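Just so we're clear, the structure is a prediction, and the values are computed from it rather than from any experiment. Within every chain, numbering begins at 1; the chains are lettered A, B, ... in the order of the sequence lines, protein sequences first and strands thereafter.
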Protein chains: 2
Amino acid sequence: MKKITSQQQRVLDCIQIYLNKTGFPPTRADICKELGFKSPNSAETHLRALEKKGFISIESGTSRGISIINNDNKLTQADNEYPVIGLVAAGSPTLAQENIEQTINCPNKFFDSGFDYFLKVKGLSMKDVGIMEDDLIAVKKTNEVSNGDIVIARLEDEVTVKFFQRKSPKIVELEPANEDYENIVVDLEYQDFHIEGKSVGLLRKN
Amino acid sequence: MKKITSQQQRVLDCIQIYLNKTGFPPTRADICKELGFKSPNSAETHLRALEKKGFISIESGTSRGISIINNDNKLTQADNEYPVIGLVAAGSPTLAQENIEQTINCPNKFFDSGFDYFLKVKGLSMKDVGIMEDDLIAVKKTNEVSNGDIVIARLEDEVTVKFFQRKSPKIVELEPANEDYENIVVDLEYQDFHIEGKSVGLLRKN
DNA sequence: TATTATACTGTACATATATTCAGTATATTT
DNA sequence: AAATATACTGAATATATGTACAGTATAATA
């Protein structure tokens, strides 16, 4: 993160304070009023500088389209906002902005080993171990998994949650916990396979 | 808080999701785009209804001037230590010190409606709805329960987790979610029965 | 039965707002 | 010495946006 000038800091603080107070970001005119500027261009140039330095993002052509970019310097807080990502049949569950349905505030060490995001479950392939539709799996991003771990894996374009079982150096088996589903045998030599992470816990709201 | 219609709930959810995604509230047009309305007035009337019912506030004449009113005051928003209580076969799960196995740090409003303690599950009587041995059920202490709720009930000296079903003014049925278990018919006139609370969520660590 | 709330489409318009252009001035960097 | 970044004023403008008005229709309520 680049260094910030004192005036730019004032503008950044102003945006945060305005957000806390009203629930929505200020306009250029609002910032001028708060900080005593007489021209909206004063706010504009500061905003552009803050955007260039990566402190905020500005949605072009959008009223109040300012959002503060969190570098997550929440050293004082143990909590964090964790994204909830939908398990889409085709395509990997990435942390891209458009895939984030909501965020959940949760202590960092909630699931003992720490985790990276929540994955919303589709289907019942793991129902016998109590993983039901729309449950939220706490996923720790890693590719170091052991036999018997519940993993989030991508096979070609499909993302699934299954038990992991290495059969041989080149063969991996993905095992469901539901007799209506078949084991998936993966040949690492010929198939595009990737471990997204493993389940370290589960959350359900009802 | 007054009751909300399903369409109004959709609009409220839409605002929250838009806020999470962009950092600022939606315009009327944005809401229309998200929910498929063809006139900005559709969003407008829903917003007015939500404002009238106290779910949101609208700043007049202000672009994107919508803010969601959360009735949970920031004072209780802080984290809390929640006790984990074992489901002992005999005796009610009380908050007495000797029954507390451990505590878990968790945001107050983690399970949307708020809750009082975690109950560690014994047995598999609710396995078909994904409640497994050693899972932690988030319990809200209440005796206002509806048919179909998952309740924590005490019958004589036994505490169980089951579906609640009122059959008649004096007959309540406790239904497991496991074909190996039988329904329990409770005659309120002759049996000592008490609702400890109901399940508002579930937590599993692995 | 009349009234109110819900749930929309569609048009129109005043104004709220982002954004550009034209300046002035000082400090910092190349 | 020239270029760039900072830090403003002031005016102009295209458009983004709230909001009113005119309808249609159904369900709930008094």
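- Of the candidate nucleotides dT9(D), dT9(C), dT17(D), dT17(D) has the atom nearest to the side chain of Thr27(B).
- An OP1 or OP2 oxygen of dA5(D) is reached within less than 4.0 angstrom by no side-chain nitrogen or oxygen of Thr5(A).
- Comparing Arg64(B) and Gly36(B) along DNA chain C, the residue whose closest nucleotide (by nearest heavy atom) sits nearer the 5' end is Gly36(B).
- For the residue pair Lys162(B) and Ser125(B), a side-chain donor N or O sits within less than 3.5 Å of a side-chain acceptor on the partner.
- Within the 4.0 Å cut-off from OP1 or OP2 of dG18(D), not a single side-chain nitrogen or oxygen of Ser60(B) is found.
- The shortest distance between the side-chain N/O atoms of Ser63(B) and the OP1/OP2 oxygens of dA16(D) is not below 4.0 Å.
- For Ile31(A) and dT17(C), the CD1 to P distance is 12 Å, given to the nearest whole Å.
- OP1 or OP2 of dT19(D) has at least one side-chain nitrogen or oxygen of Arg48(B) nearer than 4.0 Å.
- In the set dA7(C), dT9(C), dA11(D), dA7(C) carries the atom at the smallest distance from any side-chain atom of Gln8(B).
- Counting all heavy atoms, side chain and backbone alike, Phe193(A) lies closest to Leu188(A) at CD2-CD2, 3.6 Å.
- To the nearest angstrom, C1' of dA5(C) lies 14 Å from CD of Gln7(B).
- Regarding Phe37(B), its CZ atom lies at a distance of 15 Å from the P atom of dG18(D), rounded to whole Å.
- Rounded to whole Å, atom P of dA11(D) lies 18 Å from atom CD of Glu44(A).
- In this structure a side-chain-to-backbone donor-acceptor pair under 3.5 Å is present from Arg64(B) to Pro25(B).
- In this structure, Thr62(A) does not reach the dA16(D) phosphate: none of its side-chain N or O atoms is under 4.0 Å from OP1 or OP2.
- Note: NZ (Lys38(A)) to P (dG10(D)) measures 6 Å, nearest angstrom.
- Dashed line: the shortest gap from a side-chain N or O of His46(B) to OP1 or OP2 of dA7(C) is under 4.0 Å.
- Computed from coordinates, the Asn41(A) CG to dA11(D) P distance equals 13 Å when rounded to whole Å.
- Between Leu47(A) atom CG and dA18(C) atom C1' the separation is 10 Å, expressed in whole Å.
- OP1 or OP2 of dT6(C) has at least one side-chain nitrogen or oxygen of Lys53(B) nearer than 4.0 Å.
- Following rounding to the nearest Å, Ile4(B) (CD1) and dA28(D) (C1') show an atom-to-atom distance of 18 Å.
- For the OP1/OP2 pair of dG18(D) and a distance below 4.0 Å, the side-chain nitrogens and oxygens of Arg28(B) include at least one atom meeting the criterion.
- A cation-pi contact, defined as under 6.0 Å to the ring centre and within 45° of the axis, links Lys205(A) to Phe110(B).
- For the pair Thr160(A) and Arg154(A), the minimum side-chain heavy-atom distance is 4.5 Å or more.
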